[in-house]
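Convention: sequence-line order gives letters A, B, ...; per-chain numbering from 1.
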There are 2 protein chains.
Amino acid sequence: MADPAGPPASPQGPRPHTGRQRNEATRRAILDAALRLIADADGAPVTVDTIAREAGVGKQTLYRWWPSKGTVLLDALTDHAEREVPAPDTGSLHGDLRAVVGAVFESARTPPTAPALRTLVREAARDPQLADLLREFTQARRAVLREVLARGQERGDLAADRDLDLMVDQVYGVFWYRFLLGHAPLDGAAADRLTDSLLGEAS
Amino acid sequence: MADPAGPPASPQGPRPHTGRQRNEATRRAILDAALRLIADADGAPVTVDTIAREAGVGKQTLYRWWPSKGTVLLDALTDHAEREVPAPDTGSLHGDLRAVVGAVFESARTPPTAPALRTLVREAARDPQLADLLREFTQARRAVLREVLARGQERGDLAADRDLDLMVDQVYGVFWYRFLLGHAPLDGAAADRLTDSLLGEAS
DNA sequence: GAGTTGACGAGACCGTAAGTCTCGATAGAG
DNA sequence: CTCTATCGAGACTTACGGTCTCGTCAACTC
């Protein structure tokens with residue numbers, strides 16, 4: 001009751017906050033350093049000590065705000081990447097599908113996203129918690145693709161008995177497979193052919 | 001993996017081999033222990049010390065014959081798995097493709113292959129040399145699938161302009177994607193639908 | 001302004017696991 | 001019998017994620 005000038009929207013807090021406050025510049029420095037290192041070392045492991053030193057920060061500062069190294073890396077990536085994935089609307093299923101596939105493929109070619117993703121997947125192989133977060137991160141992108149397919153099915157551009165989840169997995173399966181192995185390109189031509197293949201249209 | 005001491009057909013060898021010889025039982029014990037541990041701990045990391053202790057063997061004995069932990073694991077898996085992958089011949093492209101896809105999917109359900117593969121991929125994420133070996137291991141299986149598709153294309157069951165490499169990647173992409181994420185089944189029904197999807201046949 | 005509180009940089013410290021080194025014992029070849 | 005390479009055992013080194021401590025410093029309260 002004795003806090004009339006306190007922060008608003010905090011009717012429950014027994015004590016709002018005293019003491020030194022979090023330094024935003026420090027947060028940025030850590031995220032920037034992480035992204036820089038993650039992008040430079042393509043796939044190579046990035047250590048916590050390196051991030052802290054690069055950011056000019058103590059390790060404890062890092063662990064005060066993030067529970068693990070993986071969450072820092074993921075935060076650094078998502079902070080840079082767009083959280084929103086716009087669903088295309090070109091009027092035709094073929095056009096929409098081609099747009100989404102192209103956008104997915106494109107994301108793997110623009111640094112620093114590509115090397116960062118590679119590093120992140122490497123880390124996720126050892127860190128189950130990070131693997132969950134990464135799944136959640138990709139969920140939005142999967143949902144957009146599935147939405148496009150469902151719309152096409154409603155309009156009758158896609159057979160009613162097609163397995164949409166399988167089609168989504170065909171796109172993301174090819175994407176990750178080629179992205180991680182690097183044995184075949186993920187360019188526009190590949191996007192064209194995959195789109196045609198999925199819709200049963202031999203070009 | 002390492003068998004440089006071939007007594008015959010060695011006109012160049014300055015000294016054939018003196019001293020105590022390699023104990024075959026020891027080799028088997030290591031491989032068996034590795035496979036057992038790899039299968040039990042589904043995806044969980046398997047340490048070198050554990051393998052050595054389980055096999056009743058010194059660590060140095062292990063490192064005398066294998067250059068790294070990953071190669072031991074891969075050797076344990078390939079020693080168990082069939083190196084030869086028979087190409088099916090059902091007479092029709094659809095039948096052959098369905099058979100290969102089904103076999104690929106099936107391999108992920110029979111222990112100890114499935115958990116071993118999972119562990120191996122985890123290790124490969126950190127060990128580039130193991131990643132190469134794993135790629136080489138899967139190469140034979142990819143080749144079989146591509147062969148089936150090429151045969152179908154020659155017979156005219158598949159449009160001449162279809163991208164066979166992309167089709168192979170669709171199969172293995174879906175396989176690995178679902179195998180590692182586990183968000184969707186890899187059963188016979190999925191194999192049916194994937195086969196139909198690839199051949200443009202709405203069932 | 002004085003005092004309290006919590007963030008800060010720095011770095012010692014711990015646990016774990018891959019890989020190396022050493023040692024005494026042992027087994028096959030000559 | 002001797003020479004040499006393998007064996008089991010385990011100490012040791014290195015690397016890294018994560019924790020703990022310490023002295024300092026900034027923001028908020030009284």
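For T61(A), counting side-chain heavy atoms from C-beta on, the closest listed nucleotide (dG6(C), dG9(C), dG19(C)) is dG9(C). Of the candidates dA18(C), dT26(C), dA7(C), dA18(C) carries the atom nearest the Y63(B) side chain, counting heavy atoms from C-beta on. Ranking dC7(D), dG17(D), dA17(C) by closeness to the K69(A) side chain, first place goes to dG17(D).
For W65(B) and dA5(D), the shortest distance from a side-chain N or O to OP1 or OP2 is not below 4.0 Å.
Judged by closest nucleotide on DNA chain C, T26(A) is the one of T26(A) and V48(B) placed further toward the 5' end. Toward the 5' end of DNA chain C, the nearer of the two residues R126(A) and Q21(B), judged by each one's closest nucleotide, is R126(A).
If you check every strand for non-hydrogen atoms under 4.0 Å, V46(A) touches sugar and phosphate atoms only. In this structure, T47(B) reaches the sugar-phosphate backbone alone: every heavy-atom distance under 4.0 Å involves primed, P, OP1 or OP2 atoms, never a base. At the heavy-atom level, W66(A) lies nowhere under 4.0 Å from the strands shown.
Of the charged side-chain nitrogens involved, none lies within less than 4.0 Å of a carboxylate oxygen, so that D157(B) and R162(B) do not count as a salt-bridged pair. In this structure, R142(A) pairs ionically with D169(A), as a charged nitrogen and a carboxylate oxygen lie closer than 4.0 Å. Salt-bridge check for E154(B) with R151(B): failed, with every basic side-chain N at 4.0 Å or more from each acidic carboxylate O.
A donor-acceptor pair shorter than 3.5 Å can be found between the side chains of D196(A) and H94(A).
Judged by distance alone, with hydrogens and angles left aside, Q60(B) brings a side-chain donor or acceptor within reach of the base of dC21(C), the pair sitting under 3.5 Å. Not a single donor-acceptor contact under 3.5 angstrom links the side-chain atoms of K59(A) to the base of dG9(C).
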